[in-house]
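This is a predicted model, so every value here is computed, not measured. Note on naming: letters A, B, ... go to the chains in the order of the sequence lines (proteins, then strands), and numbering restarts at 1 for each one.
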Number of protein chains: 2
Amino acid sequence: MAFHKKEEFTRKEQDLAAFAKALSHPARIAILKVLAERNECICGDIVNVLPLAQSTVSQHLKELKNAGLINGTVEGPRSCYCINWKAFEKFNTEFNSLFDHLKVKNEKACC
Amino acid sequence: MAFHKKEEFTRKEQDLAAFAKALSHPARIAILKVLAERNECICGDIVNVLPLAQSTVSQHLKELKNAGLINGTVEGPRSCYCINWKAFEKFNTEFNSLFDHLKVKNEKACC
DNA sequence: TCACTTTATCGTATATTTGCGATATACATT
DNA sequence: AATGTATATCGCAAATATACGATAAAGTGA
């Protein structure tokens, strides 16, 4: 690709794309599901549930954290993660605002 | 990665991830916005709007079409694209069903 | 038929992602 | 202090994604 031209798009487009990218792997979807299902913030339990090595899971967790979708805190010798619902809410809103009001207008569009 | 282990996740997880992947580039978000804004189904007009080469835009359109997010039909010498709102609706529902009912339970979770 | 326009595809270069084992780090327990 | 447990990071290999120019394909119009 030579150079990524992502900077040439609007901030909103980049933010939404970054959010979608964080969700763009089934392992990360699965991790979010586990975090959402359990009340305690899990850590290495995720490794036991997923068909992936510990280092790989740790990497996915890092990406989710960088994207702001989850929070992580160190609890003694282990790490505790949980979903950042606020970030989820924010992006859900942004996603809808991008398309929803246009949807009505074009519901019965051409092809 | 050696081999992609995506097959080891559930179909729902894979589908949702594939949808998110289609949205995971700002150029594709921008394309969807253009398609949503105009009543006529655009084609090469998108090329004029985006800071990308024609072949690159064509590639992004192909990916969006493969993901089922847009429809494309040939109209004489040109191609006509528009958003597949049904697919959008489906994935939006699926996305919400994955997380929304869990959200209530865990709203005030740990970390 | 011969240009012209529009779009798709091919080939290629480079960047990024995915995955794992090995290792480091950090705390807990003995 | 020594050991064990849990997690993060490093280094590497392989797969994918991104981007573009060149070219092909397919229709239009002179």
* Heavy-atom protein contacts under 4.0 Å, nucleotides 3-12 of chain D, coded B base, S sugar-phosphate only, - none -> ---SBBB---
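In this structure, CG of B/Leu52 is placed 16 Å from P of C/dT7, rounded to the nearest angstrom. Distance A/Ile31 CD1 to C/dG19 P: 10 Å, rounded to the nearest Å. Per the geometry, CD belonging to A/Glu8 stands 16 Å off P belonging to D/dT18, to the nearest Å. Rounded to an integer number of Å, the gap from A/Leu23 CG to C/dT18 P is 12 Å. The distance from atom CG of B/Asn66 to atom P of D/dT16 is 15 Å, rounded to the nearest whole Å. The distance between atom NE2 of A/His25 and atom C1' of D/dA15, rounded to the nearest whole Å, is 11 Å.
DNA chain C is contacted by both A/Gly76 and A/Glu63; A/Glu63 maps to the nucleotide lying nearer its 5′ end (nearest heavy atom per residue).
One side chain, A/Thr10 or A/Glu13, offers a donor N or O that lies under 3.5 Å from an acceptor on the other.
The side-chain heavy atoms of B/Ile29 and B/Leu23, taken from C-beta on, include a pair separated by under 4.5 Å. Counting heavy atoms from C-beta on, the side chains of A/Asn84 and A/Ile70 never come closer than 4.5 Å.
Using a 4.0 Å heavy-atom distance criterion, B/Lys21 is classed as a sugar-phosphate-only contact.
For an aromatic pair to be called close, the ring centres must be under 6.0 Å apart, and A/Phe19 with A/Phe88 satisfies this.
A pairwise comparison of heavy atoms in A/Asn92 and B/Asn96 identifies ND2-OD1, 4.1 Å as the closest pair.
Neither OP1 nor OP2 of C/dT17 sits under 4.0 Å from any side-chain N or O of A/His60.
Under a 4.0 Å N-O distance rule, the pair B/Arg28/B/Glu63 qualifies as a salt bridge.
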